[in-house]
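Here is the structure we will look at.
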Amino acid sequence: MSIQKPKGTQDLLPGEVEKWQYLENKARDLCQRFNYKEIRTPIFESTELFSRGVGETTDIVEKEMYTFMDKGDRSISLRPEGTAGVVRAYVENKLYGVPDVTKLYYVGPMFRYEQPQAGRYRQFHQFGIEAFGSVDPSMDAEVIALGYTFYKEIGLKDVTVEINSVGTPSVRTVYREKLQEFFAPVKDKLCKDCQSRYDRNPMRILDCKIDQKYGEGAPEILDYLDEECSTHFAQVKEHLSAMEIPYRVNPRLVRGLDYYTHTAFEYKAAGIGAIDTIGGGGRYNGLVEQIGGHGTDQPGVGLGLGLERILLVLQAQGVEIPKPEPLDVYLIGLGAAAEKEVTKLLQQLRIQGLKAEKDYQGRKMKAQMKSADRLQAKYVAILGDDELARGEITLKQMETGSQVTVSLVDLGSNAAKTLFE
RNA sequence: GCGGUCGUGGCGAAGUGGUUAACGCACUGGUCUGUGGCUCCAGCACUCGCGGGUUCAAGUCCCGUCGAUCGCCCCA
């Protein structure tokens with residue numbers, strides 16, 4: 001084996017890539033209906049964007065980024081998630097100056113240096129949206145609804161939506177102390193990961209699989225929300241209900257990125273081994289100002305969905321993805337003169353919008369027929385010297401096996417009519 | 001970063017230290033001198049991820065390494 005692809009990456013070959021195109025087309029169509037516009041930002045950004053945006057102490061920034069110095073001594077990182085770059089572009093292009101909300105979407109690769117496993121790659125792909133300029137709870141609900149609708153429309157079954165409110169930074173400070181108080185007596189009994197979480201992020205102890213028993217009866221953040229937070233959360237839920245989006249409140253839901261405020265949510269589905277999260281997001285009211293500085297302050301809410309994970313769950317659920325259209329015509333030319341005529345005809349058919357192919361390996365007729373069969377061609381058009389002399393071509397309908405001869409000129413000038421009538 | 005399992009032709013998959021590396025699919029050709037999907041026949045790996053070691057002898061044992069996979073952490 002000579003050179004292999006880097007660990008945790010994939011080659012998407014024909015046969016597989018059609019599934020990706022299908023998902024991407026669905027995403028684009030959906031975004032158009034929800035009035036989200038596409039944005040394409042760089043795959044690499046200043047490292048500082050992510051440390052400032054995603055959060056210095058998150059796992060993503062601490063140990064999962066692909067960071068390197070470029071030739072100009074700038075610290076660069078491959079984007080580990082989509083929001084930071086979109087926020088940067090929003091600020092840099094002064095989109096906060098427009099009167100309406102700004103609704104954006106993106107589809108593209110993200111990079112995290114992690115140990116690969118089922119549904120986890122070092123280069124993976126996300127479809128995400130971001131909505132700036134609204135604190136309205138209906139905005140949160142719309143974002144959640146868009147993700148849910150996407151799953152529905154591609155045929156995913158049994159997707160659950162979990163939501164929570166993580167409040168504001170000041171709410172979290174208070175709650176964090178309460179949690180530490182609660183866990184203090186059993187701190188020594190917690191697993192070693194949780195002992196470090198105790199100081200860094202005690203909320204994470206709550207969803208630890210090992211220490212569940214110590215988490216029983218722990219204070220819940222929803223009980224510590226202030227007036228504004230709980231009102232917002234209640235209204236988000238009302239809007240979700242109005243849209244008939246089923247959801248489950250999970251007061252222990254915590255996300256791995258520091259920028260979330262108020263609403264946080266995840267989509268879950270079984271089928272990828274140990275992993276069940278197929279997408280997530282939330283509101284991030286302080287993030288734009290944090291990245292853009294004074295005068296840029298705008299609220300935001302967004303989501304990111306993992307395409308690899310969606311594909312895995314689709315496969316696990318046996319959901320069929322529509323296959324691309326088969327070949328309309330396979331052209332066979334026998335003899336030098338006929339082959340030249342076939343080249344001409346092929347171009348004419350393709351220009352008319354038909355999906356047409358021929359042999360390029362000088363193979364015998366039988367081999368070409370097999371090839372046409374493999375390509376699932378609807379018709380095979382056979383041109384030999386005798387047909388050529390008469391200005392005709394033999395058309396064989398592969399499914400029925402029936403043949404007719406038609407005029408070369410007719411096929412070349414109006415193929416669709418000649419073939420399908 | 002840590003642990004389990006695995007790594008044989010384009011794909012799937014036998015091979016439990018010893019002669020020419022099964023088999024299935026796919027592919028190519030013939031059976032059918034201008035016609036596919038069926039049948040039958042023939043062909044198709046100086047070589048078993050890579051490197052080193054043990055042995056008279058290794059795809060088979062040992063070590064290392066790379067990768068895949070599953071899991072821990074965390075997440076998409």
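Computed from heavy atoms alone, side chains included, the values below leave out hydrogens, waters and symmetry copies. Note on naming: letters A, B, ... go to the chains in the order of the sequence lines (proteins, then strands), and numbering restarts at 1 for each one.
- A donor-acceptor pair is defined here as one N or O able to donate and one able to accept, closer than 3.5 Å; such a pair exists between the side chain of Arg122(A) and the backbone of Glu114(A).
- Looking only at distances, a side-chain donor or acceptor of Tyr198(A) sits under 3.5 Å from a matching main-chain atom of Gln180(A).
- In this structure, the OH atom of Tyr330(A) is 15 Å from the C1' atom of G37(B), given to the nearest Å.
- The side chain of Lys364(A) places an N or O atom within less than 4.0 Å of a non-bridging phosphate oxygen (OP1 or OP2) of G30(B).
- Remark: P of A26(B) and CG of Asp373(A) are 12 Å apart, rounded to the nearest angstrom.
- Side chains of Val254(A) and Asn164(A) form no contact here, defined as non-hydrogen atoms less than 4.5 Å apart.
- Taking only side-chain atoms of Arg363(A), from C-beta outward, the nucleotide of U35(B), U28(B), A76(B) with the closest atom is U28(B).
- Of the residues near RNA chain B, Ser402(A) and Arg374(A), the one whose nearest nucleotide (by heavy atom distance) lies more toward the 5' end is Arg374(A).
- With a 4.5 Å cut-off on side-chain heavy atoms, Tyr330(A) and Met398(A) do not count as touching.
- At a cut-off of 3.5 angstrom, counting only N and O atoms as typed in the model, there is no donor on one side facing an acceptor on the other between the side-chain of Lys366(A) and the base of U35(B).
- A donor-acceptor pair is defined here as one N or O able to donate and one able to accept, closer than 3.5 Å; such a pair exists between the side chain of Lys355(A) and the backbone of Glu325(A).
- Ring-plane geometry between Tyr151(A) and Tyr267(A) is classed as perpendicular, the angle between the planes exceeding 60 degrees on a 0 to 90 degree scale with a lower cut at 30.
- Aromatic ring pairs are classed by plane angle as parallel below 30°, tilted from 30° to 60° and perpendicular above 60°; the pair Tyr224(A) and Tyr175(A) is tilted.
- Nearer the 5' end of RNA chain B, as judged by each residue's closest nucleotide, is the contact made by Pro6(A), out of His125(A) and Pro6(A).
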Handout entry: Stepwise side chain to side chain contact (heavy atoms under 4.5 Å, CB included) check, Leu253(A) with Ile163(A)
Key = CA-CA 7 Å; Leu253(A) 177 67; Ile163(A) 63 170; 5.6 Å; no

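- For Gln368(A) against U35(B), no side-chain N or O and base N or O form a donor-acceptor pair under 3.5 Å.
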Short N/O separations, protein against nucleotides 70-73 of chain B, under 3.5 angstrom:
| unit_1 | atom_1 | unit_2 | atom_2 | d |
| --- | --- | --- | --- | --- |
| C70(B) | OP2 | Ala118(A) | N | 2.8 |
| G71(B) | OP1 | Ala274(A) | N | 2.6 |
| C73(B) | O3' | Arg197(A) | NH2 | 2.5 |
| C73(B) | N3 | Arg120(A) | NH2 | 3.4 |
| C73(B) | N4 | Gln117(A) | OE1 | 3.2 |
| C73(B) | N4 | Arg120(A) | NH1 | 2.7 |
| C73(B) | N4 | Arg120(A) | NH2 | 2.3 |

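- Closest contact between the side chain of Gln4(A) and the listed nucleotides U28(B), G36(B), G67(B) involves G67(B).
- A distance-only check finds no donor-acceptor pair linking the side chain of Ser46(A) to the backbone of Glu48(A) [under 3.5 Å].
- C48(B) and A42(B): their P atoms are spaced 28 Å apart (whole Å).
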Handout entry: Paired and unpaired positions of RNA chain B as dot-bracket, Watson-Crick or G-U wobble under 3.5 Å, | denoting a partner strand
Key = ((((((((.[[[..)..(....]]].((((.........)))).....[[[[[..)....]]]]])))))))....

